[in-house]
Amino acid sequence: MAFNETMNEMQRQAVLHTEGPLLILAGAGSGKTRVLTHRTAYLIEEAGVNPYHIMAITFTNKAAGEMRQRIDDMVGYGSESVWVATFHSTCVRILRRYIDRIGFDTSFTIYDADDQKTLMKEICKRMEIDTKIYKERAFLGVISSAKDELIDPEEFFRRAQGDYQKIRQAEVYREYQDSLRKNNALDFDDLIMKTVELFKKDAEVLNSYQERFRYIMVDEYQDTNTAQFQLIKLLAGKYRNLCVVGDDDQSIYKFRGANIYNILNFEKEYPDATVIKLEQNYRSTQNILNAANHVIANNVGRKRKELWTENGEGEKVILRQFETGYEEADYVATDITAKAREGICAYGDCAVLYRTNAQSRLFEERFIASNIPYKIVGGVNFYARKEIKDLLAYLKTVDNAKDDLAVRRIINVPKRGIGATTLNRVQNYALQQGIGFYDALKAAEEIPTLGRSASKLKPFVTLIQTMRSKAAYIGVTELLQEIIEETGYVAELEAENTEEANQRILNIDELISKAASYEADESREGPATLSGFLEEVALVADIDSVDETQDYVVLMTLHSAKGLEFPQVYLAGMEDGLFPSYMSICSDNSMEEIEEERRLCYVGITRAKERLSISCAKQRMIRGETQYNKVSRFVKEIPAEFLAGEIQKEREPEKYKPTMSQFARQAFRAKPMAMSQSGGMRQMPSAKDFGKSADNRKLSYDVGDRVKHMKFGEGTVKQIVSGGRDHEVTVEFDGAGVKKMFAAFAKLQKL
DNA sequence: TTAAGTTAAGTTTTT
DNA sequence: CTTAACTTAA
């Protein structure tokens, strides 16, 4: 194998070390994926390991896909039998086969965050919990953390130890698990936890997988939680050929239960472990790396590592401060346009990274105005859209009649005149009889309380039954089309004929093509099934859809950016309070939380290959309120020698006391009182004004023009009153008389 | 029962 | 500024 010339000494050692536990501390851009793929190839071609015995685990489908591709390219024969998958899909595959051994049905469905919340809402209602005081989200958070730590409801009770609130949480947890079981459903955390449970309870199953996975590689090991750690520990327990790759400096998922000690204490867990550090960076310029090194050096309790490169110094890191977020977005858009026009880079070379999803809007508006092709990653997941969830709920109902949530979602979509009262009666009957919701629907005639509304339920049940029998011999795509046809779902949207409805139809079309490509996919394991499709759909992340070959600017959060790289990176919103967030600054253990934010910053900086541009705004609108922020402390951790671009000297803190006006307001939700202290803002134009002056929604029509409205048809504009946010337009319609409406809403077209 | 209209509350980060 | 949840009118 010809890897000798192309690898550095450390990489080579990592490839050649095949037996026993191995920890690879791989700095950002140090070529760890290359090491993993070469290692796989070496195992197969030189060490004579059967590909069937090799497993590589990642966190995202995108990472798994890339790994799979590169292994396929490198290994001639048998590469397809290497198990390359995410944690979650690995667990689903195992559970689909064996979960009946721990009392579940193998046709379980997977609940996403939305489903979890719906279920929790029901539970709170049932348990008479006031959700004004105890939020559903809080319970779900507690439960999720418990599951990350493999704490089941019983253990939770044990640990509650007389603490009233904890006992209550335990009760909710137990109830939640019972409901999931009744619905034959698992949530994301269950996928891992149940697999661990299965392995612990069933030695035979565990042994079969231990025998299969004799060589295990885990990517992004710093992001594993306790449950995932246990899972890997169990799997690797017999052969102990465990190779984990990670970077403690890039551990950014603590909020999701990631346990940084999994990587920091790897050598305690496996005393015979070999440790290899990869510090040579092949991605960025030295200037970028210097910036990153200096920032991360402020964290204590990390494994010492310093990135270096042979790539040369490169450009300095650009630093710019603006008055407002609008100007910042303006700068990024202008800069990208200029670079693209000069041929310095393609749109696809650029990425805009920010801390929170809400920041994407400003950039999106500006990019539209400047005709910059872009793609926003994250925010509302495609599969979380209403129309998509509705149709998936139909498929789920056909697939798993026990999923009450899915049934209830669609029973009145489209409208069948079935309301809350009817549903409650059916629900009560189901509880009395101890049967599922759908089964109760089937027996609608026997529910005495229903009266004549029972007849409304019949067509729905018939529809589902018909689809179910068809599902046996038609494919997923066809089934989906049948459902759309029979329910008139798309027809109803077509009738609406609004921009929104049309977008939904497009989304549905996309779902249909996703189903079709699922069925056509030859690399899929096993035959195309409805369950298989639903499962694939449940486990996709938004980042999976990023396509490097497309020429668009990518906008995403720093979290989503991990593992990616771009020639040009814009790190936006670098302000104290936004990044690091108030949450982390104000938290009880702010020290730790700010370190996590700092790691996030490190991840951001190290995404850049050639040019990094850091920007921030003095004032920014957040939730309709203007905030005044200082330059992020992380920026100040970068020595000036690596930076280009002047930052205006900050105003004295006394003038507007950011610590008081911002932090106090955030913490106590006190009204502007503190702001009056900040005399500094008096004549400043408010961000609102900026929004308007920069508003591209300037009306295309004026008084006296003829316009067209979606519903009312054609008419003449009589008056335009420009209010604070929008223009109020009065139109005399030919058919519908005089109407007042808001311009942004009415979408009037000039004729 | 549904649709429209009003009000309250909320935002880190996500497989 | 958005979104969800609640209220009221048809």
Side-chain angles (χ1 to χ4, degrees), chain A residues 57-64 85-92 110-114 116-118 121 131-132 135-137 140-141 144 147-148 187-192 220 223-225 227-228 251-258 325 353-362 377-381 383-384 386 412-423 453 456 538-544 556-563 573 577-587 593 596-597 599-601 603-604 620-627 666 669 687-688 691 724-726 744:
Chain A
I57 288 214
T58 64
F59 276 86
T60 66
N61 295 300
K62 185 170 159 50
T86 65
F87 270 101
H88 293 271
S89 62
T90 296
C91 289
V92 171
I110 301 164
Y111 277 4
D112 67 10
D114 264 6
Q116 286 179 282
K117 204 181 164 200
T118 313
K121 219 179 271 174
T131 50
K132 287 249 163 66
K135 301 271 179 297
E136 295 98 334
R137 295 229 354 215
L140 286 170
S144 176
K147 288 181 178 178
D148 287 344
D187 66 19
F188 278 113
D189 302 313
D190 280 337
L191 295 178
I192 315 286
E220 307 280 14
D223 289 331
T224 51
N225 62 30
Q228 288 156 339
S251 164
I252 55 173
Y253 282 110
K254 189 174 165 215
F255 71 95
R256 213 171 64 191
L353 310 181
Y354 37 76
R355 179 68 237 270
T356 65
N357 277 310
Q359 288 166 257
S360 66
R361 233 198 63 209
L362 248 40
V377 177
V380 234
N381 188 316
Y383 292 102
K386 199 196 300 168
N412 201 29
V413 180
K415 301 271 179 297
R416 297 187 177 90
I418 303 165
T421 12
T422 311
L423 290 183
S453 30
K456 290 181 180 164
L539 297 178
V540 295
D542 211 35
I543 192 71
D544 299 334
M556 63 186 137
T557 63
L558 289 152
H559 282 90
S560 304
K562 199 179 59 159
L578 193 62
F579 187 33
S581 70
Y582 292 114
M583 294 291 218
S584 60
I585 297 170
C586 302
S587 122
E593 297 214 357
E596 172 119 343
E597 299 266 313
R599 290 193 288 271
L600 194 53
C601 181
V603 167
R620 184 180 292 278
M621 269 263 262
I622 290 172
R623 290 223 304 266
E625 282 176 31
T626 306
Q627 287 189 358
Q666 188 71 17
R669 291 199 70 76
K688 248 186 222 169
R725 182 101 324 175
D726 199 350

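Only heavy atoms go into these numbers, but all of them, side chains included; no hydrogens, no water, no symmetry mates.
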- Query: With sugar-phosphate meaning primed atoms plus P, OP1 and OP2, does A:Ser560 contact a base, only sugar-phosphate, or nothing at under 4.0 Å between heavy atoms?
  - Reply: sugar-phosphate
- Message: Side chains of A:Phe579 and A:Gln359, heavy atoms from C-beta outward: is any pair under 4.5 Å?
- Response: no
- Query: In terms of heavy-atom contacts, does NZ of A:Lys135 have more than 12 from other residues, nucleotides or ligands at under 6.0 Å?
  - Reply: yes
- Query: When we call it a touch if two heavy atoms are under 4.0 Å apart, what does A:Ser587 touch: a base, just sugar-phosphate, or nothing?
  - Reply: nothing
- Item | Listed nucleotide nearest any side-chain atom of A:His559, set B:dT2, B:dT13, B:dT15 | B:dT13
- Message: Can you tell me which nucleotide in C:dA5, B:dA3, B:dT15 comes closest to the side chain of A:Lys117?
- Response: C:dA5
- Item | Options B:dT11, B:dT12, B:dA3, nucleotide nearest the side-chain atoms of A:Ser581 | B:dT12
- Would you classify A:Thr421 as touching base, sugar-phosphate or nothing, given that sugar-phosphate means primed atoms plus P, OP1 and OP2, and contacts are heavy atoms under 4.0 Å? sugar-phosphate
- Message: Please pick, from B:dG10, B:dA3, B:dT15, the nucleotide with the shortest atom-to-atom distance to any side-chain atom of A:Lys415.
- Response: B:dA3
- Message: So A:Val603 and A:Leu558, do their side chains get closer than 4.5 Å, heavy atoms only?
- Response: no
- Item | Side-chain N or O of A:Ser584 closer than 4.0 Å to phosphate OP1/OP2 of B:dT12 | no
- Note on the structure: Looking only at heavy atoms, the pair that brings A:His88 and A:Leu191 closest together is ND1-CD1, 3.9 Å
- Query: What nucleic acid atoms does A:Asn357 come within less than 4.0 Å of, heavy atoms only: base, sugar-phosphate, or nothing?
  - Reply: sugar-phosphate
- CD1 (A:Ile622) and OH (A:Tyr582) are apart, to the nearest 0.5 Å, by 5.5 Å
- Query: Under 5.5 Å between ring centres and under 30° between planes: does that hold for A:Phe59 against the base of B:dT15?
  - Reply: no
- Would you please determine if the base of B:dT13 is stacked by A:Phe255, with stacking meaning a centroid separation under 5.5 angstrom and planes under 30 degrees? yes
- Touch class at under 4.0 angstrom, heavy-atom based, for A:Glu597 against every strand present: base
- Item | Pairwise P distance for C:dC6 and B:dT11, with rounding to whole Å | 16 Å
- Item | Pair A:Arg256 + A:Asp148, salt bridge at N-O below 4.0 Å | no
- Message: Here's a test of your reading of the structure: between A:Gln228 and A:Arg355, which maps to the more 5' nucleotide of DNA chain B?
- Response: A:Arg355
- For A:Lys121, which contact category applies under a 4.0 Å heavy-atom criterion: base, sugar-phosphate, or nothing? sugar-phosphate
- For the residue pair A:Ile252 and A:His559, establish whether any side-chain heavy-atom pair is separated by less than 4.5 Å. yes
Using the 3.5 Å cut-off, write out each protein N or O paired with an N or O of nucleotides 7-10 of chain C and the distance between them.
none

- Message: Mind checking if A:Lys456 touches a base, just sugar-phosphate, or nothing, with heavy atoms under 4.0 Å?
- Response: nothing
- Query: With respect to the phosphate group of B:dT11, does any side-chain polar atom (N or O) of A:Arg137 fall under 4.0 Å of OP1 or OP2?
  - Reply: yes
- For C:dA5 and B:dT12, measure between their C1' atoms and round to the nearest Å. 23 Å
- Query: With Watson-Crick and G-U wobble geometry limited to distances under 3.5 Å, how should the secondary structure of DNA chain B be encoded in dot-bracket form, using | for bases paired to another strand and [ ] for crossing pairs?
  - Reply: ||||||||||.....
- Most 5' of A:Thr557 and A:Ile418 on DNA chain B, judged by nearest nucleotide: A:Ile418
- A:Leu578 vs A:Tyr354 side-chain heavy atoms within contact, under 4.5 Å: no
- May I ask you to say what A:Asn412 touches in the nucleic acid, namely base, sugar-phosphate or nothing, with a heavy-atom cut-off under 4.0 Å? sugar-phosphate
